[in-house]
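Have a look at the structure below before the remarks.
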Amino acid sequence: MRTHYCGKLNYQDIGKIVKVCGWVEKYINLGKIIFLKIRDCKGSIQIFCDYKNNISFQQAKKLRNEFCIQVIGIIQKKIKTFKKTIEILALKINILNKSKPLPIDLYNNKNQDIRFKYRYLDLRCPKVLKKFIIRNKITSFIRKFLEKRNFLEIETPILTKSTPEGARDYIVPSRIYKNKFYALPQSPQIFKQLLMISGIDRYYQIAKCFRDEDLRSDRQPEFTQVDIEMSFVHSSKIRNIMEQMIKKLFKKIININLKKFKIITYDKALLLYGSDKPDLRNPLLIIELTQFFKKTKYQKYFYLKKNNINRVAAIHLPNKYLKNQKEIYKTIIKKNNKKKIFFIKFKNTNFKKIKIISNIKEIISQNILKEIININKIDNNDVLILIANEKNKANNKLTKLRFKLGEKLNIIKYKKWKALWVINFPLFIKNKENKLCCTNHLFTAPKNFILKDLEKNPEKIISDSYDLIINGYEIGGGSVRINNKNLQKKIFDIVQLKKKIQKKIFGFFTTALQYGTPPHAGIAFGLDRITMLLTHSKSIREVIAFPKTTAAICPVSDAPINLLLK
RNA sequence: GGUGCGGUAGUUCAGUUGGUUAGAAUAUCGGCUUGUCACGCCGGGGGUCACGGGUUCAAGUCCCGUCCGCACCGCCA
């Protein structure tokens with residue numbers, strides 16, 4: 001049917017007789033000649049039809065946009081152009097299939113409802129398709145990289161077991177056993193650990209995962225993870241290999257040389273950026289001030305509650321960024337004044353008496369000012385914007401404010417790529433009901449811990465964990481795993497998992513841990529998010545062929561539906 | 001579950017303070033046109049203004065509710 005792809009023909013092919021197949025992208029009828037543009041997955045080429053060749057001309061007259069056709073013709077240079085461009089002189093045209101006018105405009109469609117309803121047509125647009133070509137390059141590279149280093153790709157079950165903690169599961173009823181259910185995997189976590197016990201040593205899988213939670217622009221209910229696990233390694237080793245992989249990937253796909261990834265601890269990330277996934281393209285930093293405002297009078301002033309763990313901190317705006325500062329005051333400070341946002345502008349830091357302009361002048365003593373200046377590098381005309389609140393809320397606000405100010409001041413280097421590791425997450429975190437939960441998952445190993453502390457002060461224990469953050473997106477995360485039955489059980493106990501459930505849900509796993517489980521660690525990357533970044537897409541949907549809507553509906557097939565009664 | 005933004009020809013959009021028969025471009029259909037490349041020219045068809053209610057002499061426009069899409073919070077790594 002076809003000798004060449006439309007997009008692969010070039011100047012060297014002039015004179016050849018070719019057969020091409022594709023869709024009519026453009027149709028211009030000038031009366032006695034007709035120009036067509038025909039598109040296939042590799043590109044498009046112009047077809048020239050002349051009335052002197054009656055057979056092809058009569059066929060060409062019948063064509064309309066998006067008809068699927070075959071053209072047999074001779075490659076020739078375009079007439080009346082100086083550039084080296086070619087076209088096909090049509091000898092014969094076969095209509096393989098007609099098409100109704102499309103319900104979307106392939107080259108100018110902004111309406112997401114309709115684009116994703118007719119996604120199979122949307123994908124005809126070369127720009128849309130290109131993202132999937134890049135996605136394929138990414139997976140292909142990752143496979144080659146890992147296989148070269150002795151990783152073995154092994155598939156784990158899709159029909160598996162529901163587990164407590166973490167996200168809600170997608171549930172599949174069993175036909176054979178009434179009232180019993182499979183769950184779709186949230187990740188292959190337990191199975192890949194079992195594979196380590198098997199002695200697989202290095203495993204990977206490009207794995208579909210499922211989480212029944214609400215969607216976001218970077219979250220879909222089914223998504224793809226690059227899932228990796230290694231035996232006999234410390235966390236630094238796995239980080240090194242993965243850093244190499246991501247660096248080479250960026251070089252290969254977008255020709256970017258990422259600098260050596262910074263490593264910062266979870267605590268420090270919150271201290272400096274208010275977030276455990278900071279965007280380092282934003283140069284603004286946070287200055288810690290909690291220690292200066294411990295006294296009750298300050299707490300009252302800032303409306304802080306006594307029993308909370310509070311944080312007072314400021315975003316430091318160096319004067320070099322403050323050319324449009326009047327506007328900043330207006331938009332940020334005045335609007336938010338009542339919402340506990342305070343500011344200090346340093347007029348004079350050099351002399352004995354420090355001069356400031358501030359809406360909290362009455363509570364800032366010279367001593368405090370001096371200490372702030374001593375600890376931090378603060379110059380004349382620098383501004384601090386303060387936030388005082390319960391620690392988590394304060395961090396949240398600081399993160400948002402840091403971003404907002406970065407945008408307003410136009411200092412975020414959007415064209416750069418900044419990758420970093422955030423390590424040492426706390427092993428446990430308290431939920432709303434004040435109950436201890438694992439920050440990551442139940443199998444994460446504590447780091448440098450003393451058994452007594454684990455029992456008495458579990459909140460102080462950190463885990464041997466690491467997240468990879470690029471431009472503020474969490475694109476991967478992992479940890480060293482527990483490889484000891486007793487320790488694993490201790491963790492279950494600390495998060496108050498009942499003994500019965502421990503046995504019923506995880507019994508097989510704790511049993512397995514007894515048979516010489518090697519030390520092991522792993523990581524999982526969000527393939528969709530990586531692809532989103534590398535294709536400069538705004539949403540994860542752009543890089544998933546048939547994504548769900550925010551209401552978790554498949555716009556193409558309308559799933560989910562009521563079961564059909566047979 | 002909550003907050004915000006949006007829904008007008010097939011498509012992309014305009015529609016002022018509520019005021020005559022809801023417009024444009026493009027697509028589509030018919031005619032003309034021998035080198036177009038955003039081809040051009042002439043003509044035709046195409047609308048339950050998401051849906052349902054309310055206010056009003058009068059609603060695409062104002063109000064309420066529902067549905068759908070998107071963003072965010074909760075949720076989730």
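What you see is a predicted model; the values in this text were computed from it and never measured. Here is how names work: the chains are called A, B, and so on, in the same order as the sequence lines, proteins then strands, and each is numbered from 1. The analysis underlying the following values was restricted to heavy atoms, covering all of them including side chains, and did not include hydrogens, waters or symmetry mates.
Every residue was checked against the salt bridge (Lys or Arg N to Asp or Glu O under 4.0 Å) condition with A/Glu407, not counting sequence neighbours, and none meets it.
A ring-centre distance under 6.0 Å is found for A/Phe48 and A/Phe35. Taking the six-membered ring for Trp and the full ring otherwise, the centers of A/Trp23 and A/Phe67 sit at least 6.0 Å from each other.
Nucleotides B/rC68 and B/rG52 place their C1' atoms 15 Å apart, quoted to the nearest Å. Nucleotides B/rA22 and B/rA50 place their P atoms 15 Å apart, quoted to the nearest Å.
Note: CG (A/Leu36) to P (B/rC37) measures 15 Å, nearest angstrom. Atom CD in A/Glu213 sits roughly 7 Å away from atom P in B/rA77 (whole-Å rounding). Atom CZ of A/Arg168 is separated from atom C1' of B/rG1 by 10 Å (rounded to the nearest Å). Following rounding to the nearest Å, A/Phe48 (CZ) and B/rU36 (P) show an atom-to-atom distance of 11 Å. Nucleotide B/rG2 holds its P atom 17 Å from the CG atom of A/Leu215, rounded to whole Å. For the pair A/Phe35 CZ and B/rG40 C1', the computed distance is 13 Å after rounding to whole Å.
Residue A/Lys26 has a polar side-chain atom (N or O) positioned under 4.0 Å from OP1 or OP2 of B/rC39. Applying the 4.0 Å criterion to OP1 and OP2 of B/rA77, one finds that A/Thr439 has every side-chain N and O outside that range. Dashed line: the shortest gap from a side-chain N or O of A/Arg115 to OP1 or OP2 of B/rG69 is not under 4.0 Å. Contact check, A/Thr550 against B/rG69: no side-chain N or O comes under 4.0 Å of OP1 or OP2.
You'll find that the side chain of A/Arg219 is closest to B/rC76, out of B/rC73, B/rA27, B/rC76. Nearest to the side chain of A/Leu30, among B/rU36, B/rC75, B/rA77, sits B/rU36. Nearest to the side-chain atoms of A/Lys78 among the listed nucleotides B/rG69, B/rC73, B/rU36 stands B/rU36. Looking at the side chain of A/Pro103, the nearest of the listed nucleotides B/rU33, B/rG10, B/rC76 is B/rG10. In this structure, of B/rU11, B/rA77, B/rG35, it is B/rA77 that holds the atom nearest to the side chain of A/Glu474. Distance from the side chain of A/Glu87 is smallest for B/rU36 among the nucleotides B/rU36, B/rC73, B/rU34. Considering only the side chain of A/Ile33, B/rG35 comes nearest among B/rG74, B/rC70, B/rG35. Residue A/Asn29 places its side chain closer to B/rU33 than to any other of B/rC68, B/rU33, B/rG74.
For the pair A/Lys32 and A/Tyr51, the cation-pi test (distance below 6.0 Å, angle within 45°) is passed. Judged by a 6.0 Å distance limit and a 45° cone about the ring axis, A/Arg64 is positioned over the six-membered ring of A/Tyr27.
Between the side chains of A/Asp105 and A/Tyr107, not a single donor N or O lies within less than 3.5 Å of an accepting N or O. Using modelled atom types, one finds a donor on one side chain and an acceptor on the other under 3.5 Å when comparing A/Gln76 with A/Glu87. Judged by distance alone, the side chains of A/Asp169 and A/Ser162 do bring a donor and an acceptor atom under 3.5 Å apart.
Within a heavy-atom distance below 4.0 Å of RNA chain B, the residues of residues 60-69 of chain A found are A/Arg64, A/Asn65. Within residues 527-548 of chain A, the residues that place at least one heavy atom under 4.0 Å from RNA chain B are, in residue-number order, A/Arg541.
Between A/Phe509 and A/Phe443, the ring planes lie perpendicular to each other; the angle is over 60°, past the 30° to 60° tilted range.
At least one side-chain heavy atom of A/Asn471 sits under 4.5 Å from a side-chain heavy atom of A/Trp417.
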